[in-house]
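I have a structure here, written as structure tokens, and I will follow up with some questions on it.
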Amino acid sequence: MTAELPHSVLFCCDHNAVRSPMAEGLMKKFYGTDSYVQSAGVKSDMEIDGFSVAVCEEMGIALHRHRSRSFDDMKDWGDDISSYDLVIALSPASQRQALEMTRCYHLDVEYWPIMDPTGIGETREEKLDAYRQTRDQIIARMTARFGPPKEC
């Protein structure tokens, strides 16, 4: 069942380097400016993953300029988690962090169990296949939750 798009969505994962930037880019491409979309991680100790950039580029989504940020970075930059309508956690650690940070707010936190593709595959092509699987899992969850993408 699809729902009306929330006004603002925050995707989160462990490092804001693989899954949540992919989800942010996909949401922006599929639904345009109908929602304000950002992403964050429990930590921001990694740069955007090159394989994430590559598999999103296959769909015309540019992630190469993405800068990883953590929940703490958000606070430092004045971006309050309570201002989002929906937080979508893509990893167990980010779900725990999001629930802890939102316990005093009327805010929905959803958990989408999305595969972490890092460390899967030996060759470049095997690694790309794993990242494509992750991307496609995000797309399936997103379209099930928010409906088909808008016509571009």
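This structure is a prediction, so every number in the text was calculated from the model and none was measured. Hydrogens, waters and symmetry mates play no part in the numbers below; they use all other heavy atoms, side chains included. Position 1 is the first residue of the sequence; numbering continues from there.
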Problem - Check: K127 side chain, G121 main-chain N or O, donor-acceptor pair, under 3.5 Å - result: yes

Exercise for the section: Taking salt bridge (charged side-chain N to carboxylate O under 4.0 Å, His left out) as the test, write out the residues that go with R141, two or more places apart. Expected result: none

Exercise for the section: Could you tell me whether the side chain of M22 reaches within less than 4.5 Å of the side chain of F11, counting heavy atoms only? Expected result: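 Not in contact.
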
Problem - R103 side-chain N/O to E100 backbone N/O, donor-acceptor pair under 3.5 Å - result: yes

Handout entry: Residues Y131 and D49: side-chain donor-acceptor under 3.5 angstrom
Key = yes

Practice task
Check step by step if side-chain contact (heavy atoms from CB on, under 4.5 Å) holds for F51 and L128.
Solution key: CA-CA 6 Å; F51 290 109; L128 284 169; 3.6 Å; yes

Handout entry: S8 (side chain) donor-acceptor with D85 (main chain) under 3.5 angstrom
Key = yes

Practice task
Show the numbers, then the answer: is there a side-chain contact (heavy atoms from CB on, under 4.5 Å) between I48 and H64?
Solution key: CA-CA 7 Å; I48 183 73; H64 64 279; over 6 Å; no

Practice task
Spell out, yes or no, whether L90 and Y31 are grouped together once hydrophobic residues are joined by side-chain heavy atoms under 4.5 Å, including indirect joins.
Solution key: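 Yes.
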
Exercise for the section: Report yes if some heavy atom in the side chain of S82 is under 4.5 Å from a heavy atom in the side chain of Y84; otherwise report no. Expected result: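 S82 vs Y84: side chains apart.
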
Handout entry: Any side-chain heavy-atom pair of F71 and M101 under 4.5 Å
Key =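 Heavy-atom side-chain distance check passes, below 4.5 Å.
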
Exercise for the section: Would you confirm whether S94, through its side chain, and D14, through its main-chain N or O, come within 3.5 Å as a donor-acceptor pair? Expected result: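 Here the side-chain-to-backbone pair does not exist.
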
Handout entry: Carboxylate-amine/guanidinium proximity below 4.0 Å for D72 and K43
Key =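 No, D72 and K43 are not salt-bridged.
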
Handout entry: Matching residue for N16 among S39, S68, S70 - test: side-chain hydrogen bond (donor to acceptor under 3.5 Å, both in side chains)
Key =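 Option passing the side-chain hydrogen bond (donor to acceptor under 3.5 Å, both in side chains) with N16: S39.
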
Exercise for the section: Check whether any side-chain heavy atom of V87 sits under 4.5 Å from a side-chain heavy atom of I81, and report yes or no. Expected result: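 Side chain of V87 against side chain of I81, heavy atoms only: contact under 4.5 Å found.
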
Problem - Backbone N/O of E110 and side chain of Q95: donor-acceptor pair under 3.5 Å - result: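 Here the side-chain-to-backbone pair does not exist.
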
Practice task
May I ask whether Y111 and M142 are part of the same hydrophobic cluster, defined by side-chain heavy atoms of I, L, V, M, F, W, Y residues being less than 4.5 angstrom apart, directly or through others?
Solution key: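 Different hydrophobic clusters.
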
Exercise for the section: Would you check if M27 and L5 make a side-chain contact, meaning some heavy-atom pair closer than 4.5 Å? Expected result: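 A side-chain contact exists here, since the closest heavy-atom pair is under 4.5 Å.
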
Fill in the blank from the handout: To the nearest 0.5 Å, atom OG1 of T102 lies from atom CG of L86 at 10.5 Å

Practice task
Classify the ring geometry between W112 and F146 as parallel (under 30°), tilted (30 to 60°) or perpendicular (over 60°).
Solution key: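 Answer is tilted, since the angle falls between 30° and 60°.
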
Exercise for the section: Could you give me the CA-CA distance, side-chain angles and deciding distance for K75 and D80, then say whether salt bridge (charged side-chain N to carboxylate O under 4.0 Å, His left out) is met? Expected result: CA-CA 6 Å; K75 281 188 272 185; D80 190 346; over 6 Å; no

Exercise for the section: Measure from the side-chain N and O atoms of Q97 to the backbone N and O of A93, and report whether any donor-acceptor pair falls under 3.5 Å. Expected result: no

Result block: side-chain N/O donor-acceptor pairs under 3.5 angstrom for residues 54-63, not counting sequence neighbours:
{"unit_1": "E58", "atom_1": "OE1", "unit_2": "R132", "atom_2": "NE", "d": "3.0"}
{"unit_1": "E58", "atom_1": "OE1", "unit_2": "R135", "atom_2": "NH1", "d": "2.9"}
{"unit_1": "E58", "atom_1": "OE2", "unit_2": "R132", "atom_2": "NE", "d": "3.1"}
{"unit_1": "E58", "atom_1": "OE2", "unit_2": "R132", "atom_2": "NH2", "d": "2.7"}

Exercise for the section: Can you sort out the partners of D116 under side chain to side chain contact (heavy atoms under 4.5 Å, CB included), two or more places apart, ordered by chain and number? Expected result: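 Per chain and number, D116 pairs via side chain to side chain contact (heavy atoms under 4.5 Å, CB included) with R19, T118.
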
Exercise for the section: Please tell me if the side chains of L10 and I88 come closer than 4.5 Å, counting only heavy atoms from C-beta onward. Expected result: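 Not in contact.
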
Exercise for the section: Could you tell me whether the side chain of S52 reaches within less than 4.5 Å of the side chain of V18, counting heavy atoms only? Expected result: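 Yes. Closest side-chain heavy atoms under 4.5 Å.
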
Handout entry: Residue pair K28 / E24, side-chain heavy-atom distance below 4.5 Å
Key = yes

Problem - CD1 on I114 to OG on S91, rounded to 0.5 Å - result: 10.5 Å

Exercise for the section: Rounded to the nearest 0.5 Å, what's the gap from CE on M74 to CD on Q38? Could you check? Expected result: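 With rounding to 0.5 Å, CE (M74) is 8.0 Å from CD (Q38).
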
Practice task
Please check if atom CD in E122 has more than 12 non-hydrogen atoms from other residues, nucleotides or ligands closer than 6.0 Å.
Solution key: no

